[in-house]
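Single-structure report; data block below.
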Amino acid sequence: MPSKELFSSTLDISYQFSGKSIILGAAIFNGEVLTHHLVNVPLQTINRHGLIAGATGTGKTKSLQLLAEGLSDNGVPVLLMDIKGDLSGLAKEGTVNPKVMERMAKIGIDWKASGYPVELFSLSEQPGIRLRATVSEFGPVLFAKILELNNVQQGLLAMIFKYADDKQLPLLDLQDLKALIQFVSDEGKQEIKKTYGAISTASSGTILRKIIELEQQGASVFFGEPSFDPHDLLRTDSSGRGYINIIRLTDLQSKPKLFSTFMLQLLAEIFSSFPEEGDAEKPKLVIFCDEAHLIFNEASKQLLNEIDTTIKLIRSKGIGIIFCTQNPQDIPASVLSQLGLKIQHALRAFTAADRKAIKLAAENFPSSEFYKINDLITQLGIGEALVTALNEQGTPTMLVHTLMSSPSSRMDILTDSEIQQNISGSKLTGIYNQPIDRQSAFELLQKRMNLMHDDEDSGNSTPATKQNKAELNTFDKILKSPLTRSIGVTVAGMVTRTLLGSLGLKSRSTSGRRQ
């Protein structure tokens, strides 16, 4: 067995960084906490992504909280996906606790209670700053994934989106998309056939029914305007601390498809709108995805490929993504191989399948002359973890059994009144919580139908000729009006595909936002 002195010297060399870092805790060797021999993570490499894993109740959430605090203290904004609803306490300072003081004394660093600048967001009707996106921003490919369409139906949906682009019909919410599907399947069927091909009534009917199913899951409140601008995630407070943006997702646990698709759309939107950063001293934004299995369990092979590609590319924008889950095997191997930071809490071996999972988890770490990893993973106490990171040269640091530090913020949730106070005090609430219902595809198609019915009632429903062509093109006149032209400015950006155009996403326009 290597000596304590050899372990300590190897540790101190491996975790010596020239730039800023976040202290995670102190090393443990042969059951002894080595006070002042600290395990830390360099800020520069956190955009190489990471993983926090472990069984329920082993301390994953507190490790996430600790990392979020360290990032905020260093001026790095954070985005947290809060599935369980236990992260809101970051907004308030923690309370002095004898166990916390004892732990921090063993580690050898001071503990000070502190609350952090927090914004609370929501994708649904529960309290929070409302996150929305338009149907057009999702695009036909991602939307087809939500609806679980086959290839024929997906092709039809793509054609409908193309028609909306060509005719400058903004698709903002589900009502717009339903109205357009009904139009191309009925009154507009002949027009569509001439330019885009025949419409299958059976396929359009299936798409329409699936959209109604999506509405019944509460998706209507998510699609619409004002559309969220991801640059609002990059704010710092007056003291230079990064905002911790928490998306409250407790009511979306039963809707993993909507959540996973939103997550991918947000990542792609961030990628398309943020500039290249190169090798910066610290990340621009770090995203924590709690209960990450909800993203991957419901994803198709094609969607997994898109997630894999997005994660590879997005770090060049200065964005780090840290997945939190119970078992590393919840993460696809292609994604797991890209995660530089690993914080592994205890796993429990109750069955043969558990023992196999533990063996696979141990293989994710660098080899160690100081620990028997397979055994140690099952013996870790609460608030202990195996840690390895990337140093500033991109090389994995030594694997260390770590006594994790205690968070400075409250290790409990906010009360309902505290949540309301936080939301009402945010300047983003006034920007995003008042929906905008401007003229879009639904209203424009309704006008067109009214004009067509008026022509029929007046006996002018004759075949198109040079004489009455202008009458039949009344819809084009509407599109050329000053009001519609202003809408066209907004919609024009939809035509440009980003590097991730295979997702079906469109570039964002900020016209009409924050009014």
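Just so you know, these numbers come straight off a predicted model, no measurement behind them. Positions are given from 1, in the same order as the sequence printed here. For the numbers below, each heavy atom of this structure counts, side chains included, while hydrogens, waters and symmetry mates do not.
Using a distance-only test at 3.5 Å, with no hydrogens or angles considered, a donor-acceptor pair links the side chain of Asp330 to the main chain of Asn327. Judged by distance alone, with hydrogens and angles left aside, the side-chain atoms of Asp82 form no donor-acceptor pair with the main-chain N or O of Ile246 at under 3.5 Å. With hydrogens and angles ignored, the 3.5 Å screen pairs a side-chain donor or acceptor of Lys317 with a backbone N or O of Phe271. No donor-acceptor pair closer than 3.5 Å links the side chain of Trp111 to the backbone N or O of Ala105. Side-chain atoms of Thr35 come within 3.5 Å of backbone atoms of Lys106 as a donor-acceptor pair (strictly under, hydrogens ignored). When atom types are taken as modelled, the side chain of Asp86 and the backbone of Asp412 share no donor-acceptor pair closer than 3.5 angstrom. Side chain of Ser14 to backbone of Met398: a donor-acceptor contact under 3.5 angstrom is found. Between the side chain of Thr45 and the main chain of Leu390, a donor-acceptor pair closer than 3.5 Å is present. A donor-acceptor pair under 3.5 Å is absent between the side-chain atoms of Thr395 and the main chain of Asn391, judged by distance alone. Put simply, the side chain of Ser122 never gets that close to the backbone of Pro127: no donor and acceptor are under 3.5 Å apart.
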| Glu225 vs Thr134, side-chain hydrogen bond (donor to acceptor under 3.5 Å, both in side chains): CA-CA, chis, key distance, verdict | CA-CA 7 Å; Glu225 289 187 314; Thr134 66; over 6 Å; no
| field | Candidate pair Thr56 and Gln326, rule side-chain hydrogen bond (donor to acceptor under 3.5 Å, both in side chains), full reasoning | value | CA-CA 7 Å; Thr56 300; Gln326 292 196 16; 3.1 Å; yes
| field | CA sep, side-chain torsions, deciding dist, call: Ile52, Thr61, side chain to side chain contact (heavy atoms under 4.5 Å, CB included) | value | CA-CA 9 Å; Ile52 302 174; Thr61 300; over 6 Å; no
| said: salt bridge (Lys or Arg N to Asp or Glu O under 4.0 Å) for Glu384 and Arg103? Distances and angles first, verdict last. | reply: CA-CA 11 Å; Glu384 297 177 8; Arg103 174 180 289 260; over 6 Å; no
| task | Could you walk me through whether Thr58 and Arg348 pass the side chain to side chain contact (heavy atoms under 4.5 Å, CB included) test, one step at a time? | result | CA-CA 10 Å; Thr58 55; Arg348 306 306 182 198; 3.9 Å; yes
| field | Residue pair Glu93, Ser114: steps toward the side-chain hydrogen bond (donor to acceptor under 3.5 Å, both in side chains) verdict | value | CA-CA 4 Å; Glu93 64 181 32; Ser114 177; over 6 Å; no
| request: I would like to know whether Glu102 and Asn97 meet side-chain hydrogen bond (donor to acceptor under 3.5 Å, both in side chains); could you show each step before the answer? | output: CA-CA 9 Å; Glu102 180 184 356; Asn97 183 304; over 6 Å; no
| message | If you apply the rule side chain to side chain contact (heavy atoms under 4.5 Å, CB included), what do you find for Ile28 with Leu34, and how did you get there? | response | CA-CA 6 Å; Ile28 301 175; Leu34 305 185; over 6 Å; no
| request: Walk me through it: do Leu341 and Leu67 pass the test side chain to side chain contact (heavy atoms under 4.5 Å, CB included)? | output: CA-CA 11 Å; Leu341 169 64; Leu67 263 177; 4.0 Å; yes
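At a cut-off of 3.5 Å, with distance as the only test, a side-chain donor of Gln65 or Ser409 sits close to an acceptor on the other residue. In this model, a donor atom of one side chain and an acceptor atom of the other lie less than 3.5 Å apart for Tyr432 and Asp232. In the model, Glu119 has a side-chain atom that pairs as donor or acceptor with a side-chain atom of Ser426 under 3.5 Å. Asp73 and Tyr116 form a side-chain donor-acceptor contact under 3.5 Å, judged by distance and modelled atom types alone. Looking only at atom types and distance, the side chain of Ser18 has a donor-acceptor partner in the side chain of Glu392 under 3.5 Å away.
A salt bridge links Glu418 with Arg410: the closest approach of a Lys/Arg side-chain nitrogen to an acidic carboxylate oxygen falls below 4.0 angstrom. Under 4.0 Å is where a charged nitrogen must lie from a carboxylate oxygen, and between Glu277 and Arg315 no such pair does. Classification of Lys4 and Glu32 as a salt-bridged pair holds, one side-chain N sitting under 4.0 Å from a carboxylate O.
Contact check for Phe288 versus Phe323: no side-chain heavy atoms found under the 4.5 Å cut-off. The closest side-chain heavy-atom distance from Ile244 to Leu80 is below 4.5 Å. With contacts defined as side-chain heavy-atom distances shorter than 4.5 Å, the pair Asp290/Lys84 qualifies. Contact of the Ile247 side chain with the Leu79 side chain is registered, since non-hydrogen atoms from C-beta on lie closer than 4.5 Å. Looking at His345 and Lys60, their side chains come closer than 4.5 Å, going by heavy atoms from C-beta outward. With a 4.5 Å cut-off on side-chain heavy atoms, Arg130 and Val221 count as touching. Taking 4.5 Å as the limit, some side-chain heavy atom of Ile109 sits within range of a side-chain heavy atom of Ser405. Looking only at side-chain heavy atoms (C-beta outward), Leu360 and Asn364 stay at 4.5 Å or farther from each other.
Contact record, Thr397 with Phe17: CG2-CZ, 4.1 Å, taken as the closest heavy-atom pair. For Val39 against Ala27, the heavy-atom pair with the smallest separation is CG2-N, 4.1 Å.
Remark: aromatic rings of Phe29 and His37 are distant, center separation not under 6.0 Å. Aromatic rings from Phe228 and Phe222 are positioned such that their centres are separated by 6.0 Å or more.
Few gaps surround CG on Leu6; more than 12 heavy atoms of other groups in view lie less than 6.0 Å from it. Other residues, nucleotides and ligands place more than 12 heavy atoms under 6.0 Å from the CD atom of Gln379. By the 6.0 Å contact criterion, CD on Glu363 is enclosed, its count of non-hydrogen atoms from other residues, nucleotides or ligands being greater than 12. The environment of Gln126 atom CD is dense: over 12 non-hydrogen atoms of other residues, nucleotides or ligands sit within 6.0 angstrom. Other residues, nucleotides and ligands contribute more than 12 heavy atoms inside 6.0 Å of the NZ atom of Lys210.
Atom CG of Leu157 and atom CG of Leu147 lie 7.0 Å apart (nearest 0.5 Å). Note that NE2 of His49 and SG of Cys289 are 12.5 Å apart. Values are rounded to the nearest 0.5 Å. Interatomic distance, OG1 of Thr388 versus CG of Leu51, reported as 12.0 Å (0.5 Å rounding). In this structure, the separation between CD on Glu69 and OG on Ser406 is 10.0 Å, given to the nearest 0.5 Å. A distance of 10.0 Å separates CG in Leu428 from CG in Asp229, rounded to the nearest 0.5 Å. Atom-to-atom distance recorded for Ile343:CD1 and Leu64:CG is 9.0 Å, nearest 0.5 angstrom.
The residue from Arg132, Glu269, Glu137 that alone fulfils the side-chain hydrogen bond (donor to acceptor under 3.5 Å, both in side chains) condition with Ser227 is Glu137. Ile377 pairs with exactly one of Asn374, Ile373, Asp375 by the side chain to side chain contact (heavy atoms under 4.5 Å, CB included) rule, that one being Ile373.
A tilted orientation is assigned to the rings of Phe143 and Phe223, their planes being inclined by 30° to 60°.
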